[in-house]
Peer 1: 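Quick one: this structure, given as structure tokens, is what I'll be asking you about.
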Amino acid sequence: MRRMLVAAFLLVGSIAASAQGTAKYKCMIQMNSYLGEGAYIVVSLVKGDTYEKTLYVLGPDKKWYPDWKEWHKAYKKKPTNISAITGASVAGGDRSVVTLEIDKAKINAGYKLRFESAVEDKPYHVKDVEIPLTTEALAAKTDGTGYIRYVRFSGS
């Protein structure tokens with residue numbers, strides 16, 4: 001009887017955890033037309049100005065990571081393996097579609113998605129796009145201020 005009670009408790013806990021879990025969102029990043037190398041973009045989960053988690057990195061060459069000055073400071077303090085969330089850089093005028101996995105508990109809880117961008121020999125944009133992590137914002141198109149023209153999400 002005790003084993004069954006423990007098993008039932010674990011099952012209920014597991015179901016509750018998976019109900020919270022994560023949601024996957026397809027994220028389309030449309031770039032402005034510009035001349036030069038492809039942009040390196042990092043997508044981070046932030047609360048206030050504190051970095052919580054790196055969600056995606058567009059740009060595979062680690063030697064350029066210090067060009068994202070703010071992200072790199074946070075990354076150096078708490079390095080994590082980002083190889084599973086890394087893809088190609090994005091050229092001017094092109095678009096990229098990536099999948100972001102977001103903890104459901106972070107949505108509508110005061111967090112933001114920050115898109116930092118850097119291009120070799122060009123200015124760095126710490127907040128090229130910053131989106132409140134709300135259900136409304138995830139359903140809208142958000143314009144960029146640097147190399148990114150806009151970002152749009154869809155559930156996957």
Side-chain angles (χ1 to χ4, degrees), residues 17-156:
S18 68
Q20 285 299 309
T22 60
K24 291 184 179 184
Y25 289 89
K26 287 185 182 173
C27 173
M28 185 187 69
I29 303 168
Q30 175 66 54
M31 303 302 289
N32 282 313
S33 293
Y34 68 86
L35 298 176
E37 299 295 324
Y40 272 52
I41 299 168
V42 64
V43 184
S44 301
L45 178 70
V46 296
K47 186 152 191 176
D49 277 331
T50 303
Y51 285 80
E52 296 276 329
K53 182 178 183 181
T54 302
L55 298 176
Y56 209 89
V57 176
L58 288 96
D61 193 345
K62 292 181 181 182
K63 76 177 184 178
W64 300 111
Y65 289 2
D67 287 355
W68 296 309
K69 295 170 184 73
E70 293 302 312
W71 172 81
H72 196 252
K73 279 192 281 188
Y75 179 72
K76 284 190 329 186
K77 288 179 187 173
K78 189 178 172 185
T80 56
N81 182 359
I82 57 174
S83 62
I85 55 170
T86 303
S89 59
V90 190
D94 285 350
R95 69 178 55 155
S96 182
V97 177
V98 299
T99 300
L100 302 179
E101 194 166 328
I102 301 172
D103 183 347
K104 291 178 184 178
K106 307 290 184 184
I107 299 172
N108 299 315
Y111 290 85
K112 297 180 278 187
L113 298 177
R114 179 177 293 166
F115 292 71
E116 286 178 61
S117 64
V119 172
E120 185 178 355
D121 299 326
K122 295 193 182 296
Y124 155 68
H125 297 277
V126 67
K127 295 178 184 177
D128 197 333
V129 177
E130 200 164 72
I131 302 169
L133 189 53
T134 63
T135 51
E136 296 82 19
L138 288 172
K141 178 179 97 169
T142 305
D143 292 331
T145 60
Y147 306 108
I148 299 172
R149 183 172 174 200
Y150 64 84
V151 172
R152 183 181 307 244
F153 288 92
S154 66
S156 62

Peer 1: Does the side chain of Tyr124 pick up a donor-acceptor pair with the side chain of Glu116 at under 3.5 Å?
Peer 2: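 Yes, side-chain donor-acceptor contact under 3.5 Å.
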
Peer 1: Any chance NZ of Lys106 has more than 12 other-residue heavy atoms, nucleotides or ligands included, within less than 6.0 Å?
Peer 2: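 Yes, enclosed.
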
Peer 1: Where the side chain of Asp128 meets the backbone of Thr145, is there a donor-acceptor pair that is under 3.5 Å apart?
Peer 2: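 Such a contact is found between Asp128 side chain and Thr145 backbone.
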
Peer 1: Strictly distance-based, threshold 3.5 Å: is any side-chain N or O of Gln30 a donor or acceptor partner for the main-chain N or O of Gly93?
Peer 2: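 It does hold such a pair.
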
Peer 1: Could you check whether any side-chain N or O of Lys112 sits under 3.5 Å from a backbone N or O of Gly48, counting only pairs where one atom can act as donor and the other as acceptor?
Peer 2: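 Flag set: sc Lys112 to bb Gly48 pair under 3.5 Å.
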
Peer 1: For His125, which of Trp71, Trp68, Tyr40, Tyr147 qualifies under ring-ring contact (aromatic ring centres under 6.0 Å, His included)?
Peer 2: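 Testing His125 for a ring-ring contact (aromatic ring centres under 6.0 Å, His included) against Trp71, Trp68, Tyr40, Tyr147 leaves exactly one candidate, Tyr147.
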
Peer 1: Is any NZ, NE, NH1 or NH2 atom of the basic residue among Asp67 and Lys122 found under 4.0 Å from an Asp or Glu carboxylate oxygen of the other?
Peer 2: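 Answer for the salt bridge query: no.
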
Peer 1: Return yes if some donor-acceptor pair links the side-chain N/O of Ser89 with the main-chain N/O of Leu58 below 3.5 Å, else return no.
Peer 2: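 No, the answer is negative, given that no donor and acceptor are paired below the 3.5 Å cut-off.
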
Peer 1: Would you say the side chains of Lys141 and Tyr150 form a donor-acceptor pair under 3.5 Å?
Peer 2: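 Looking only at side-chain atoms, Tyr150 and Lys141 do not form any donor-acceptor pair under 3.5 Å.
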
Peer 1: Ignoring hydrogens and angles, tell me if any N or O in the side chain of Tyr56 forms a donor-acceptor pair with the backbone of Ile41 under 3.5 Å.
Peer 2: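 No, because the side chain of Tyr56 does not come within donor-acceptor range (under 3.5 Å) of the backbone of Ile41.
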
Peer 1: Strictly below 4.0 Å, N to O, side chains only: are Glu52 and Lys47 in salt-bridge contact?
Peer 2: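 No salt bridge links Glu52 with Lys47.
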
Peer 1: Is there a donor-acceptor pair closer than 3.5 Å between any side-chain N or O of Tyr34 and the backbone N or O of Ala39?
Peer 2: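 Yes; judged by distance alone, with no hydrogens or angles, the pair exists.
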
